[in-house]
Amino acid sequence: MKKRKPAPAEQSPMPKDTTLSGTLRPVKRGDITAPNLFTKDDAPKKGSRIRFKVRGKTYSAIVAETFEADGETAISFKGGITAQK
């Protein structure tokens, strides 16, 4: 009996947990004030959906943009922030 070759998904290791951690702080841009995540983790790509944990609760959001601020990465969101169960 021939051994079957693993499919590409089986060859790669499971992705690591990519939940970011940090603090939510309000950032004012023009007339709008919106929450931004401030983290020491690597900056995610614009348009990607991320998960992040703040004060023990996990949230999900789509990245609008990122910028460096005082040695941290600030992440603004497109649309709202959704609490995860």
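No experiment lies behind these values; they were computed from the predicted model shown.
Under a hydrophobic-cluster definition in which Ile, Leu, Val, Met, Phe, Trp and Tyr are linked whenever side-chain heavy atoms come within less than 4.5 Å, directly or via other members, Ile50 and Ile62 are assigned to different clusters. Grouping the Ile, Leu, Val, Met, Phe, Trp and Tyr side chains by contacts below 4.5 angstrom, directly or via other members, places Phe52 apart from Phe38.
Listed for the Thr66 side chain is no donor-acceptor partner under 3.5 Å among the backbone atoms of Ile75.
Atoms CG and CG, from Asn36 and Leu24 in turn, are 8.5 Å apart once rounded to the nearest 0.5 Å.
Nearest heavy atom pair, residue Thr19 against residue Arg51, reads OG1-NH2, 2.9 Å. Nearest approach of Ile81 to Pro35, heavy atoms of both residues: CD1-CG, 3.8 Å. Here the shortest heavy-atom pairing between Gln84 and Tyr59 reads CG-C, 3.9 Å. Scanning both residues, Ala61 and Gly80, for their nearest heavy atoms gives CB-O, 3.9 Å. Here the closest heavy-atom approach between residue Gly30 and residue Lys28 is recorded as O-CE, 3.2 Å.
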Stepwise side-chain contact (heavy atoms from CB on, under 4.5 Å) test for Glu68 and Thr73: CA-CA 5 Å; Glu68 287 294 315; Thr73 300; 3.2 Å; yes
Chi angles and distances behind the side-chain contact (heavy atoms from CB on, under 4.5 Å) call for Thr82, Phe77: CA-CA 11 Å; Thr82 306; Phe77 305 108; over 6 Å; no
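No side-chain heavy atom of Thr39 sits under 4.5 Å from any side-chain heavy atom of Glu72. Residues Ser76 and Val27 form no side-chain contact, since every pair of their non-hydrogen atoms from C-beta on lies 4.5 Å or further apart.
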